Amino acid sequence: MELAAVHRPEPASRACATSGAGTAPTDPGATAAFLGHYEGGYRLIRQGLDLSLHLGPRILPLGVLPDGTYPDGTYVVTTGLLVGNEVRPTRGADGTPLVEVVGFETVRRTVGLP
């Protein structure tokens, strides 16, 4: 199985090169409507100001770049194998929350969190 090449803008790669250095906490209000369980075993979870995308036992902490690199609500993975990879919460045509793990897949929410 071949994996597609992932486009990582230079600012994200540079800002996240060392365990999320240069990222800021995420805004709870901006992500509240997207929290929950998604297709493929993904979960978008918030604990305090910390936002993370879970896939089985894997945890991908997410942050924002304070320099405004992603004004559209895109987040970046701050540690681990996918450091610097973009993650975008969006909505489908029917209004269902989606999470796009850029370069990999887009998944639909199946169950929201209370």
Side-chain angles (χ1 to χ4, degrees):
M1 179 173 120
E2 290 186 35
L3 294 176
V6 177
H7 169 69
R8 292 188 189 115
E10 182 60 28
S13 299
R14 188 173 53 246
C16 294
T18 309
S19 298
T23 61
T26 59
D27 175 12
T31 57
F34 293 96
L35 300 178
H37 297 267
Y38 287 76
E39 297 168 329
Y42 286 91
R43 291 178 295 142
L44 189 61
I45 305 291
R46 169 169 297 292
Q47 291 181 318
L49 293 178
D50 297 328
L51 181 68
S52 57
L53 185 63
H54 296 227
L55 178 57
R58 293 170 184 85
I59 299 173
L60 306 172
L62 303 175
V64 294
L65 296 176
D67 65 359
T69 301
Y70 299 113
D72 62 351
T74 296
Y75 298 88
V76 292
V77 177
T78 60
T79 62
L81 182 62
L82 295 177
V83 68
N85 197 81
E86 301 169 21
V87 174
R88 293 186 188 120
T90 60
R91 292 202 178 268
D94 63 355
T96 302
L98 306 172
V99 169
E100 178 187 4
V101 181
V102 176
F104 294 99
E105 63 186 328
T106 299
V107 292
R108 296 173 57 88
R109 189 171 74 185
T110 57
V111 179
L113 295 179

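Nothing here was measured: the structure is a model prediction, and the numbers come from that model.
Contacts of Thr90 classified as side-chain hydrogen bond (donor to acceptor under 3.5 Å, both in side chains), with partners at least two apart in sequence or in another chain: none. Residues forming a side-chain contact (heavy atoms from CB on, under 4.5 Å) with Ala33 (at least two apart in sequence, or on another chain): Arg91. For Glu39, there are no salt bridge (charged side-chain N to carboxylate O under 4.0 Å, His left out) partners at least two apart in sequence or on another chain. Residues forming a salt bridge (charged side-chain N to carboxylate O under 4.0 Å, His left out) with Arg108 (at least two apart in sequence, or on another chain): Asp94. Every side-chain hydrogen bond (donor to acceptor under 3.5 Å, both in side chains) that Glu105 has, sequence neighbours left out, goes to Tyr42.
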Please tabulate, for side-chain N and O atoms in residues 51-62, each donor-acceptor pair with protein atoms closer than 3.5 Å (sequence neighbours left out).
unit_1 : atom_1 : unit_2 : atom_2 : d
Ser52  : OG     : His54  : NE2    : 2.8
His54  : ND1    : Arg43  : NH2    : 3.4

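Put simply, the side chain of Leu98 does not reach to within 4.5 Å of the side chain of Pro89, judged on heavy atoms. No side-chain heavy atom of Val99 sits less than 4.5 Å from a side-chain heavy atom of Phe34. By the 4.5 Å heavy-atom criterion applied to side chains, Val77 and Val87 are counted as neighbours.
Note on Tyr38 and Phe104: same hydrophobic cluster, where clusters join Ile, Leu, Val, Met, Phe, Trp and Tyr whose side-chain heavy atoms are under 4.5 Å apart, directly or indirectly.
The closest donor-acceptor contact from the side chain of Asn85 to the backbone of Val76 lies at 3.5 Å or more, if one exists at all. Looking at Thr110, its side chain does come within 3.5 Å of a backbone N or O of His37 through a donor-acceptor pair. Here the side chain of Arg109 pairs a donor or acceptor atom with the backbone of Leu35 at under 3.5 angstrom.
Evaluation of the salt bridge (Lys or Arg N to Asp or Glu O under 4.0 Å) test over residues 95-104, restricted to residues two or more places apart or in two chains, returns Arg88-Glu100.
Shown here for Thr79 and Val83, the closest heavy-atom pair between the two residues is N-CG2, 4.1 Å.
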